[in-house]
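Since the structure comes first, as structure tokens, the remarks are kept for the end.
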Amino acid sequence: MKEKLVVATGNAHKLREISQIFTEYEVISQKQAGFDIDVEETGTTFEENALIKARAASKALGVIALADDSGICVTALNGAPGVYSARYCGRHGDDKANRDLLIKNLDGVGDRTAYFESAIALVYPDGKELVAHGRTYGKILFEEDGDGGFGYDCIFFSDDLGKSFGRASAEEKNAVSHRFRGLMALKERLCHII
């Protein structure tokens, strides 16, 4: 029987992506573990928000909790939408409106370079905390390309893959994603601690 890993998220897409990467664990959401509170993300960085979510779940459940905070950062927009990626349009989780606004805000802009960034926080009941980061680079497309993935995937052209995340399979995306790189960096840190 696999050890449980509680992930402080209500986002089914993130949970699935994390479970496809952390295959040695039984990955469950905080709701499945008995913590059904949407923690307010008041941080100004991905790391702060990841820690806020992981601390809340760990404290409430008395378990090791993992949380991710991530978003897309566009060079020409001084890193925006950044930590506001999920609510860029003013409403939380309206992926289509977020994408449309980002494309509109880049109208006439030559530099479309961007990167996805992820901060992964692991918080233990005794207060010990580990944080790791991951990035993947590319550019923002002029229109949606593909219907795979979620969030901004279909307008992000991956430098690593040579195509949009919207056209990538889950396996292709997971091999180069910001979340994958953050999780791998976290695993590396764990190996050095144990």
Which residue pairs pass the salt bridge (Lys or Arg N to Asp or Glu O under 4.0 Å) test when at least one of the two sits in [range], sequence neighbours left out?
range	answer
residues 144-154	K96-E144, R99-E144, D145-R167, D153-K173
residues 71-89	none
residues 34-47	E41-K53
residues 22-32	K4-E26, E24-K187

Query raised in the report: R16 and Q20: side chain to side chain contact (heavy atoms under 4.5 Å, CB included), yes or no, with the steps?
Result: CA-CA 6 Å; R16 184 174 58 248; Q20 289 170 340; 3.8 Å; yes

Requested in this report: In sequence, state the C-alpha distance, the side-chain angles, and the governing distance for L106 and R112, and then conclude on side chain to side chain contact (heavy atoms under 4.5 Å, CB included).
Outcome: CA-CA 7 Å; L106 287 174; R112 300 178 79 86; 3.5 Å; yes

Minimum-distance pair of heavy atoms, taken over all atoms of [X] and [Y]:
X	Y	value
S58	V63	OG-O, 2.7 Å
A50	A67	O-CB, 3.3 Å
V27	L15	CG1-CD1, 3.7 Å
I72	F156	CD1-CD1, 3.8 Å
N98	C89	OD1-N, 2.8 Å
L102	V74	CD1-CG2, 3.9 Å

Requested in this report: Sort out for me which residue in D69, D68, T9 forms a side-chain hydrogen bond (donor to acceptor under 3.5 Å, both in side chains) with K14.
Outcome: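 Answer after filtering D69, D68, T9: D68.
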
Query raised in the report: Pick from Y152, F116, F46, F165: which one makes a ring pair (Phe, Tyr, Trp, His ring centres under 6.0 Å) with H178?
Result: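 With H178 as partner, ring pair (Phe, Tyr, Trp, His ring centres under 6.0 Å) holds for just one option, F116.
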
For the residue pair [X] and [Y], confirm or rule out a side-chain donor-acceptor distance under 3.5 Å.
X	Y	result
N105	Y88	yes
T75	T113	yes
R181	S118	no

So, taking the atom named [atom1] in [X] and the one named [atom2] in [Y], what distance separates them when rounded to the nearest 0.5 Å?
X	Y	atom1	atom2	result
N174	S169	CG	OG	8.0 Å
D160	E172	CG	CD	11.5 Å
R179	E117	CZ	CD	12.0 Å
L141	I155	CG	CD1	7.5 Å

Query raised in the report: Among all residues two or more places apart in sequence or in another chain, which pass the ring-ring contact (aromatic ring centres under 6.0 Å, His included) test with F142?
Result: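 Here no residue qualifies.
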
Query raised in the report: Is the OH atom of Y124 crowded by more than 12 outside heavy atoms at less than 6.0 Å?
Result: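 For Y124, atom OH is crowded (more than 12 foreign heavy atoms under 6.0 Å).
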
Query - Other residues, nucleotides, ligands: >12 heavy atoms within 6.0 Å of K163 NZ - result: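 More than 12 within 6.0 Å, yes.
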
Query - Worked verdict on I64 versus L122 for side chain to side chain contact (heavy atoms under 4.5 Å, CB included) - result: CA-CA 7 Å; I64 301 169; L122 192 66; 3.6 Å; yes

Requested in this report: Decide yes or no for V131 and I120: does some side-chain heavy atom of the first lie under 4.5 Å from some side-chain heavy atom of the second?
Outcome: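 V131 does not reach I120 side chain to side chain.
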
Query raised in the report: Would D107 and K104 pass as an ion pair if we require N to O under 4.0 Å?
Result: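 Looking at D107 and K104, the cut-off is not met.
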
Requested in this report: Answer yes or no for K2 and Y25: cation-pi contact, defined as NZ/CZ to six-membered ring centre under 6.0 Å and angle to ring axis within 45°.
Outcome: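 Output no; distance or angle outside limits.
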
**Report entry** Hydrophobic cluster of Y115, others only, ordered by chain and residue number, side-chain cut-off 4.5 Å
**Finding:**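 Under the 4.5 Å side-chain rule, Y115 groups with Y137.
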
